[in-house]
Amino acid sequence: MAGTQNLDIAMAKKIVDPKKPGAIVKMPPKTAPVASTLSESPTPTSLAPKSSPAKSERPAATPPAARAEGVAATPAPARNEKLATSPVAAMAEITAASPTAAMTGEPAARPKRGMSEEPATKPASVEVEETATKPHPVKAEEPAPKPVPVKSEETTANPPPLTIDTSELLATAPALDLTGMPESAPAPPVEVPPEVQPPAPEREEEEPESVHILEPYPEQPDTSQAPSPSVYHGPSLYIVQITPEMAPVAKVGGLGDVVFGLTRELAIRGNHVEIILPKYDNLRYDHIFELHVAFQDLWVPWYEGAIHCTVYFGFVHDRKCFFIEPHSPDNFFNRGAIYGFNDDLLRYAFFSRAAMEFLFKAGKHPDIIHCHDWQTALVPVFLYEIYQHLGMTHPRVCLTIHNFKHQGVTGQELLRATGLGRPEHFFDYSRLRDNHNPHALNLLKGGIVYANFTTTVSPRYAFETRDGGQGFGLEPTLHTHHLKYGGVVNGIDYDVWNPEVDRYLPVRFGLDTLDGKYDNKRALRHRFMLADNAKPIVAFIGRLDPQKGLELVRHAIFYCLEHGAQFVLLGSSPDARINADFWGLKQMLNDSPDCHLEIGYDEELSHLIYAGADLLLVPSQFEPCGLTQLIALRYGTIPVVRAVGGLADTVFDKDYSHRPLHERNGYVFENYDHPGLESALGRAIACYFHHPDHFRELMKNAMRSDYSWNIPGIDYLNIYNYIRDK
Ligand code: ADP
């Protein structure tokens, strides 16, 4: 487990090695704020030392005026807050309630509960803390501050969404065989675009042109009354996932979660599923069972020779996994990290070739090979350019693109290394030639061209990448192959992300035991040494990547501190400058009783944050699907998101969505700027304080949303079945 540990007093004000996972780091009291290059956001005003007594928390249905202003637009000057107990007493409680205790099977002492702090339908008469904000009355049904309205869904333009809809598609679909034999097929009752087009490497693609930007993406129609199209009537399939990541053994981001969750869903539906991964030296071997050699001598062609590999087999929580271990001085997968090396392109080109060679040599004939992102985008290229001619004619390939930002753009050497050769063949715009750099090959483009079907991880992102300028140069390719391109929203694994059985939580809870959430909130505060008060906790969990809207995250921290909320962050970046920025910010905010920034990666801790926070912020610049908002929903934590990609497909604004009230589950803003963010965050905080009964209903709506793998699993099966006989 990733180093979650209890606090002790000695640590409390010490800088701990930031690289040590799970270490709770409190900086020494600062002497001067560290300059951050993140933005021009104002220096926070509430940076009071954590040494004054805390007030009890619980939003009352009729909020006191002082509280009301805490969330009104007027920024509040800082107010000193104190921990509820002495540091020693606090530490004792932290230890008792720590998730670690729960994990090790020790009975986790329930934190002492004072008054329930959750927004209660029935108001509790609680003495609330003062705020320094000037009081003014807040109107009963009017969230404050006044929001910048989210665009009404009815008022947007209506180009067709890229939701996969197979109904018309299949009757006219041409064959996906590279030789181009057209073939019709019966229409399965699923979603996919109106027709499918075979990989067409021989077809001339248009010269790359400037990005074609269409009107705004249409809001999704209200399908609440429509019968679910997700039914699968096809046969059981043999599916092989070839992937660079799978949670929990090799996870960097959402891709790892997707492979883990989708695989389980496919298996419980009666399909035979295997996964092929690199055998990284930093795999979480504690999650791999019965690991043994499955194929001793696999020789993988590489440059003019071949690299000797051993293939291992093991179970990862019942999933059947093969791990490829090359024995070569290149040391491809023994580097202590998954990504971040100069030769990443060659590393994953090798892995893709090795995976195909393994299938071939082991005599495996899957119906479907499902590959992921640029790292394994060469798989369909190898299949149709090499292995098909060696007799491997059966498998069909589905490529899922989790993020268009990373495409694997490289030079001609790749062709020599992998044995593909024939630069004149592959350096063609209809195949792998990069749309912008005529001297480069683009692996992701090759994957789109050669795969039998390409998906991305939400219909909205499918639209944005093809027509909304988010395709990072692949728009013309997506247009050419649009008939075999669509979006399927990711699910999350409800065995892992389920507050009713989550072993990392000090107190489990569900829809009927919602109060348990507030024990987790208290445990989270103790763990981060935050004041125990009436404020909502706003959380951010994610990679500290510019894609995630870091400037808005930074702004949100100060906005929350000035508007009566606490803020916690869990994140890290491979980019040293970004990490340094957030370390500076952490130092600046070290003494705030209402803020904690945890710079690092800690899976277990993330569970406690999802459970203990009231709101989860996802202000991304772009977001293919996003998993954090889906997990938050499951834990009754209300997402506050920007209306992009999968966020727009899964979060429906409490005040502005056209969806029925019971389907609204969060707060949404459009514009990537401070007023945009504040319009949603301000409404969320205001609702927490002034309409606790509404907020509680929203939490229940969130927890009722079904973002399991159930429906996406069926969608993928229908895609597989559709391409299977092409
Ligand atoms: P992306 O794939 O772009 O990183 P997603 O939202 O799709 O983003 O998936 C992120 C996943 O990684 C979620 O499961 C989230 O909980 C997890 N995660 C991200 N950062 C951290 C972190 N610092 N510690 C623990 N889990 C993290």
Side-chain angles (χ1 to χ4, degrees), residues 1-4 18-25 99 243-248 250-262 284 338-339 372-373 375 400-406 456-458 461 470 488-498 502 504 539-550 553 568-575 578-579 582 586 596-613 616-635 637 639 641-642 644-647 649-651 707 709 712:
M1 302 315 197
T4 306
K19 287 178 189 145
K20 189 172 178 184
I24 300 300
V25 182
T243 173
E245 293 181 40
M246 188 185 76
K251 171 176 163 180
V252 174
L255 162 57
D257 290 314
V258 168
V259 173
F260 185 76
L262 175 60
R284 291 283 297 268
I338 293 182
Y339 305 129
H372 299 267
D373 276 348
Q375 291 91 327
T400 294
I401 300 175
H402 299 257
N403 192 331
F404 273 78
K405 188 176 176 188
H406 311 289
T456 190
V457 289
S458 66
Y461 191 57
Q470 295 286 326
V488 177
V489 173
N490 285 334
I492 54 171
D493 190 327
Y494 280 2
D495 289 340
V496 175
W497 301 109
N498 180 355
D502 191 327
Y504 300 126
F540 172 87
I541 299 174
R543 291 180 296 116
L544 298 179
D545 184 289
Q547 169 201 334
K548 300 292 178 186
L550 299 184
V553 171
V568 301
L569 174 146
L570 171 61
S572 63
S573 169
D575 183 331
I578 294 178
N579 265 341
F582 275 87
K586 180 183 174 73
H596 182 90
L597 310 184
E598 185 70 17
I599 317 295
Y601 187 94
D602 190 332
E603 186 89 24
E604 286 85 345
L605 178 58
S606 74
H607 286 245
L608 181 61
I609 297 176
Y610 285 120
L616 183 98
L617 180 67
V618 198
S620 304
Q621 291 186 7
F622 69 93
E623 192 60 73
C625 177
L627 295 180
T628 60
Q629 85 279 10
L630 303 183
I631 300 169
L633 288 168
R634 186 67 171 159
Y635 285 72
T637 302
V641 307
R642 183 150 175 261
V644 287
L647 300 173
D649 284 338
T650 55
V651 181
Y707 287 112
W709 275 102

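Note that ligands are numbered from 1 as they come in the structure, with each ligand's atoms numbered from 1 the same way.
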Q: State the NZ-CD distance between Lys586 and Glu598, to the nearest 0.5 angstrom.
A: 5.5 Å
**Q.** Partner of Asp495 by side chain to side chain contact (heavy atoms under 4.5 Å, CB included), out of Asp493, Asn498, Ile492
**A.** Asp493
Q) Ignoring hydrogens and geometry, is there a side-chain-to-backbone donor-acceptor pair from Gln629 to Cys625 under 3.5 Å? A) yes
Q: For Ser458 and Pro624, indicate whether the former's side chain and the latter's backbone hold a donor-acceptor pair under 3.5 Å.
A: yes
Q.
On a heavy-atom basis, which atom in Pro248 and which in Phe260 lie closest, and how many Å separate them?
A. CD-CE1, 3.8 Å
Tabulation required: pairs of a nitrogen or oxygen in ligand 1 and a protein nitrogen or oxygen under 3.5 Å; columns are atom names and distance to 0.1 Å; otherwise 'none'.
| from | atom 1 | to | atom 2 | distance (Å) |
| --- | --- | --- | --- | --- |
| ligand 1 | 2 (O) | Gly254 | N | 2.6 |
| ligand 1 | 3 (O) | Arg543 | NH2 | 2.7 |
| ligand 1 | 3 (O) | Lys548 | NZ | 2.8 |
| ligand 1 | 4 (O) | Arg543 | NE | 2.6 |
| ligand 1 | 6 (O) | Leu627 | N | 2.9 |
| ligand 1 | 7 (O) | Leu627 | N | 3.4 |
| ligand 1 | 8 (O) | Lys548 | NZ | 3.0 |
| ligand 1 | 9 (O) | Gly254 | N | 3.4 |
| ligand 1 | 14 (O) | Lys251 | NZ | 3.1 |
| ligand 1 | 14 (O) | Asp257 | OD2 | 2.9 |
| ligand 1 | 16 (O) | Tyr610 | OH | 2.7 |
| ligand 1 | 23 (N) | Gly600 | O | 2.8 |
| ligand 1 | 24 (N) | Asp602 | N | 3.1 |

Q. When rounded to the nearest 0.5 angstrom, what is the spacing between CG in Asp502 and OH in Tyr635?
A. 3.5 Å
